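Just so it is clear, the structure is predicted and the values come from calculations on it, not from any experiment. Note that ligands are numbered from 1 as they come in the structure, with each ligand's atoms numbered from 1 the same way.
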Amino acid sequence: MANIFRNIPSVNELLESPQLKKIVESVNHQVVVDGVRTFIDDLKETISTATDEIEIPSPSEMADKIADWLHVEQKEYLRPVINGTGIILHTGLGRAPLSKAAIAATVQIASGYASVEVDLANGQRGQRVKAVEKLLCELTGAEAAVVVNNNAAATMIALATVAMGKEVIVSRGQLIEIGGSYRLPDVMECSGCKLKEVGTTNKTHAADYSSAIGEETGAILKVHPSNFEVVGFTKTVSTKELVNIAHAHDLPMIDDVGSGALIDFAQFGLSNEPVVSDSIKDGADIVLFSGDKLIGGPQCGIIIGKRKYIDQVLENPLMRAMRVDKMTLAALAATLRLYRNEDTAQQEVPILRMLSMPEANLKLRAEKIVQQIQGASWLESCEATESQSMLGGGSLPTQKIPTWCMAIRPRGSSVNRIAERLRSSNPAVIGRVQKDTLLIDMRTVFPDQDMVLVEVLEALDNQEQGPSPSPESVG
Ligand SMILES: *Cc1c(COP(=O)(O)O)cnc(C)c1O
């Protein structure tokens with residue numbers, strides 16, 4: 001074993017190779033040294049745990065592999081992606097893309113100073129939420145509003161404000177987990193509330209709530225089961241009924257509607273998504289939702305409702321820890337302004353535009369791209385095909401949206417390898433792997449990305465097709 005190790009070049013020897021010298025010049029000496037050391041350690045590990053004899057690559061081959069690996073390592077972690085998954089609110093890809101208006105407002109406000117907490121009318125100190133409160137009230141009918149980092153934060157601060165140390169009544173059918181890290185019972189515990197479960201998984205009746213109310217009760221919470229559906233024999237209690245029960249005992253009724261639809265999504269063929277203004281109309285005291293789901297704005301959590309409760313939230317010390325920055329405020333205000341006219345919103349908010357894109361348009365675009373990349377040497381076949389997109393972001397998981405995709409089958413390389421090469425392209429492209437086919441769903445690709453997509457797909461012809469560069473692949 002020791003003999004084999006002696007054949008591995010030293011760190012200094014590898015650093016002298018032209019490939020790595022070039023990287024030292026453009027990156028940093030220590031980064032390259034660390035890369036070489038890691039590579040050598042991994043190689044020794046591979047050799048000592050191998051069951052077969054391992055051929056040690058030449059110093060020049062090693063330098064090539066290390067250079068490739070460092071090249072990948074040095075890329076920014078956060079990079080633009082062309083979303084070919086067909087999942088419109090893809091949490092892994094940052095949920096809602098912003099409208100042009102929101103981007104312009106963000107850039108303008110981020111570039112300099114802004115009236116974040118100064119009321120320019122009188123020069124006095126103001127509340128930062130003023131930038132969006134009026135718009136939120138106008139669009140939802142609420143008395144007051146406040147904005148925090150996300151809906152998880154909105155839930156925490158709302159509960160901690162009105163029900164700290166008290167019981168909060170929730171139906172067993174609404175104790176949701178979203179995306180693994182959001183579990184309602186845990187969020188409630190962090191807010192200092194005691195969860196009081198009522199009803200069963202499929203049925204909860206008004207009487208279940210009423211009989212659970214006691215000295216310890218601080219609020220009734222309704223949660224929209226965004227990412228699952230219970231079908232069959234079910235019973236839930238409406239917001240209106242819950243408001244009546246809560247108010248009969250002088251308690252606030254909190255409604256976590258989740259995705260925050262400002263308009264009716266039935267027009268896009270998506271049913272059962274609660275509309276925020278309906279909850280206010282039904283009398284909910286506090287309504288919670290995300291800014292980057294169905295609104296199509298920046299990541300934030302929106303709390304609207306009765307002035308009395310919103311003022312209490314504003315005074316909670318947690319508010320300072322959860323407040324949003326000026327860029328979020330600017331993007332949210334610009335997004336909300338688009339909703340003053342529903343047609344404008346449909347044309348300008350990217351997720352609404354994607355949802356209303358006619359199938360014929362998607363088919364045409366898919367066919368055009370297919371035509372342009374036909375004949376690429378890495379392609380076995382490529383064709384336009386019908387498929388289904390999804391809303392994503394934990395919303396409406398059972399409802400599919402008809403769409404058109406490019407179905408790509410590679411030649412001489414696995415579909416996973418092609419998917420991997422597309423992920424490391426610039427810009428990265430992410431599709432859906434389905435058996436031996438990579439699907440790129442045109443519904444989530446912006447029309448102005450079609451040409452870029454063609455270029456990325458054509459460029460695969462010119463790249464080497466070896467295994468991915470990592471020390472593990474040596475031997
Ligand atoms: C998505 C969602 C949340 C979490 O919202 P974030 O903005 O991701 O923190 C909470 N409740 C419901 C009902 C949701 O749908």
Check whether Glu315 reaches the backbone of Gln312 with its side chain - one donor and one acceptor, N or O, closer than 3.5 Å. no
Could you pull out, from Met156, His224, Lys222, Arg95, the option with a heavy atom nearest to atom 13 (C) of ligand 1? His224
Looking only at heavy atoms of Lys293, does any of them come nearer than 4.0 Å to an atom of ligand 1? yes
Minimum distance, heavy atoms only, to atom 15 (O) of ligand 1: which one of Ala152, Ala153, Ser226, Ser290 is it? Ser226
Contact with ligand 1 for Gln174, non-hydrogen, under 4.0 angstrom: no
In the structure I gave you, are the side-chain heavy atoms of Val118 and Arg125 within less than 4.5 Å of one another anywhere? no
Under 3.5 Å: donor-acceptor pair, side chain of Thr217, backbone of Ala219: no
Of the choices Ile302, Asn151, Val223, Ile178, which has the non-hydrogen atom that lies closest to atom 6 (P) of ligand 1? Asn151
Can you tell me which portion of Ile176 lies within the under-4.0 Å heavy-atom range of ligand 1? Options are side chain, backbone, both, or neither. side chain
Non-hydrogen atom of Asn149 closer than 4.0 Å to ligand 1: no
Does the side chain of Asn202 come under 3.5 Å of the side chain of Thr234 through a donor N or O and an acceptor N or O? no
Distance-only polar pair, side chains of Glu458 and Gln372, donor-acceptor under 3.5 Å: no
Looking only at side chains, do Thr437 and Arg409 share a donor and an acceptor under 3.5 Å apart? yes
What atoms in ligand 1 come closer than 4.0 Å to a heavy atom of Gly258? 12 (C), 13 (C), 14 (C), 15 (O)
